[in-house]
Amino acid sequence: MERYMRALVTPVYEHYGWDFTSELYLVHESTMNAIETACHYNNYDCVNHASDLYAEWMANPNNNTIPYFVKSLVYCTAIQHGSHAEWDFAWEMYNSDTADAYDKRYLPRGMSCTRDTWMLQRYLELALDGNWANTAISYALDNSPVGLPIAWTFTMDNFETLLETYDDAAYDIVWNFANYMNTETHKTQLEDFARLYSDMPSTAASNFYKALHTVDLNIMWMNSNFDDLHMWFKETNSLLQRM
């Protein structure tokens with residue numbers, strides 16, 4: 001799928017590039033959409049440009065020239081394709097006195113984009129210490145290629161602490177995983193958690209069954225469509241390579 005989407009977006013990305021000089025709203029939005037999609041599907045030029053912008057900031061921490069409207073994209077892309085250095089710099093800047101409102105908002109999301117399991121685990125632990133673990137878990141699920149297994153294990157290992165911090169809302173953190181679960185193993189994990197906390201409040205129990213239904217629907221969709229889609233993308237990618 002990634003190769004197919006990259007082939008689709010590349011001509012659009014090459015047309016718009018990173019040129020934000022136009023004052024037309026639709027052109028600005030089209031440029032943003034092209035960049036976001038190209039970087040998400042690992043277009044080489046897009047990833048390199050975002051990483052270069054981030055590197056310039058790292059070289060001069062007191063002068064962040066990254067436009068505010070691409071900060072979230074740049075931070076996420078540079079950290080996902082970078083090393084410990086990019087992640088550590090983001091954490092340092094997030095905690096610095098010079099961080100503006102955009103950095104306070106976008107750096108936590110950017111740090112969650114890492115593909116490194118150790119760094120993602122560290123990110124979640126730091127968020128737990130800072131009382132924003134619910135946000136960090138959600139970000140990890142949305143943004144990291146390794147987010148689901150790492151965030152699930154972290155949530156299970158620290159659920160008692162989450163209960164102390166968020167009270168009954170901690171159960172909603174768990175039920176949110178259902179949106180990303182699509183295998184029988186995932187379903188078993190959710191059921192095992194519910195058995196472990198069988199004394200949960202009635203509202204949480206009701207939401208558990210809703211979450212379980214979501215996982216069932218996801219499994220049904222995968223069983224009905226995954227093989228056909230996989231074959232279609234494989235055949236289409238082969239045609240694209242020959243063009």
Side-chain angles (χ1 to χ4, degrees), residues 1-2 4-5 8 33 36-37 39-42 72-73 76 80 105-106 108-117 119-121 123-125 127-128 131-234:
M1 178 179 174
E2 180 180 306
Y4 172 74
M5 291 300 298
L8 285 183
N33 288 336
E36 288 173 351
T37 307
C39 280
H40 180 76
Y41 289 106
N42 296 322
S72 180
L73 166 71
C76 183
Q80 188 166 101
R105 178 181 179 184
Y106 295 134
R109 179 185 181 277
M111 287 184 283
S112 75
C113 296
T114 180
R115 296 182 290 188
D116 186 287
T117 56
M119 283 194 291
L120 189 63
Q121 179 70 28
Y123 167 77
L124 293 170
E125 290 170 354
L128 186 66
N131 292 327
W132 49 282
N134 58 334
T135 300
I137 292 168
S138 178
Y139 281 163
L141 288 170
D142 282 341
N143 302 314
S144 175
V146 295
L148 177 56
I150 299 301
W152 176 261
T153 300
F154 173 83
T155 302
M156 295 300 98
D157 290 346
N158 295 279
F159 188 72
E160 291 297 329
T161 302
L162 294 172
L163 264 179
E164 292 175 7
T165 304
Y166 301 109
D167 199 30
D168 291 348
Y171 290 100
D172 293 329
I173 297 174
V174 178
W175 309 149
N176 183 53
F177 278 85
N179 296 311
Y180 306 86
M181 292 176 156
N182 54 26
T183 69
E184 292 293 342
T185 299
H186 292 150
K187 181 179 178 180
T188 299
Q189 289 175 328
L190 203 62
E191 290 172 331
D192 288 346
F193 171 83
R195 275 191 288 269
L196 185 62
Y197 290 92
S198 58
D199 60 344
M200 69 182 75
S202 58
T203 300
S206 175
N207 288 334
F208 159 68
Y209 288 108
K210 292 178 182 177
L212 198 63
H213 180 63
T214 296
V215 178
D216 282 333
L217 290 176
N218 292 343
I219 292 171
M220 289 173 58
W221 190 94
M222 291 291 289
N223 290 340
S224 299
N225 299 289
F226 180 81
D227 289 342
D228 289 342
L229 282 173
H230 178 73
M231 182 59 65
W232 186 86
F233 279 120
K234 184 177 181 180

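Everything quoted here is computed from the prediction, not taken from an experiment.
Residue pairs meeting the salt bridge (Lys or Arg N to Asp or Glu O under 4.0 Å) criterion with at least one member in residues 144-167: none, sequence neighbours excluded. Listed by first and then second residue, the salt bridge (Lys or Arg N to Asp or Glu O under 4.0 Å) pairs involving residues 140-152 amount to none (not counting sequence neighbours).
Residues passing the side chain to side chain donor-acceptor pair (under 3.5 Å) test with Ser206, sequence neighbours excluded: none. Under the side chain to side chain donor-acceptor pair (under 3.5 Å) criterion, Asp192 pairs with Arg195, sequence neighbours left out. Residues forming a side chain to side chain donor-acceptor pair (under 3.5 Å) with His40 (at least two apart in sequence, or on another chain): none. Residues forming a ring-ring contact (aromatic ring centres under 6.0 Å, His included) with Tyr139 (at least two apart in sequence, or on another chain): none. Shown here are the side-chain contact (heavy atoms from CB on, under 4.5 Å) partners of Asn33, two or more places apart in sequence or in another chain: Glu36. Remark: Asp199 engages no residue in a salt bridge (Lys or Arg N to Asp or Glu O under 4.0 Å) (not counting sequence neighbours). In terms of the side chain to side chain donor-acceptor pair (under 3.5 Å) criterion, residue partners of Glu125 (sequence neighbours excluded) are, by chain and number, Gln121. Residues satisfying the ring-ring contact (aromatic ring centres under 6.0 Å, His included) test with Tyr166, not counting sequence neighbours, are none.
At least one donor-acceptor pair closer than 3.5 Å links the side chain of Tyr123 to the backbone N or O of Pro108. The main-chain N or O of Met181 is found under 3.5 Å from a side-chain atom of Asn218 such that the two form a donor-acceptor pair. The backbone N or O of Ala140 sits nowhere less than 3.5 Å from a side-chain atom of Ser144 that would complete a donor-acceptor pair.
The closest side-chain heavy-atom distance from Leu190 to Trp175 is below 4.5 Å. Between Asn143 and Arg109 the shortest side-chain heavy-atom distance falls below 4.5 Å.
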Residues 207-216, side-chain donor-acceptor partners within the protein, below 3.5 Å, at least two apart:
| unit_1 | atom_1 | unit_2 | atom_2 | d |
| --- | --- | --- | --- | --- |
| Asn207 | ND2 | Thr203 | O | 3.4 |
| Thr214 | OG1 | Lys210 | O | 3.1 |
| Asp216 | OD1 | Lys187 | NZ | 3.0 |

For residues 145-156, dump all side-chain donor-acceptor pairs below 3.5 Å to protein atoms at least two apart in sequence or in another chain.
| unit_1 | atom_1 | unit_2 | atom_2 | d |
| --- | --- | --- | --- | --- |
| Thr153 | OG1 | Pro149 | O | 3.0 |
| Thr155 | OG1 | Ala151 | O | 2.7 |

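The side-chain contact (heavy atoms from CB on, under 4.5 Å) test with Ile137 is passed by exactly one of Asn158, Asn176, Leu162, Val174: Leu162.
The 12-atom threshold is not exceeded at CZ of Arg105, counting heavy atoms of other residues, nucleotides or ligands nearer than 6.0 Å.
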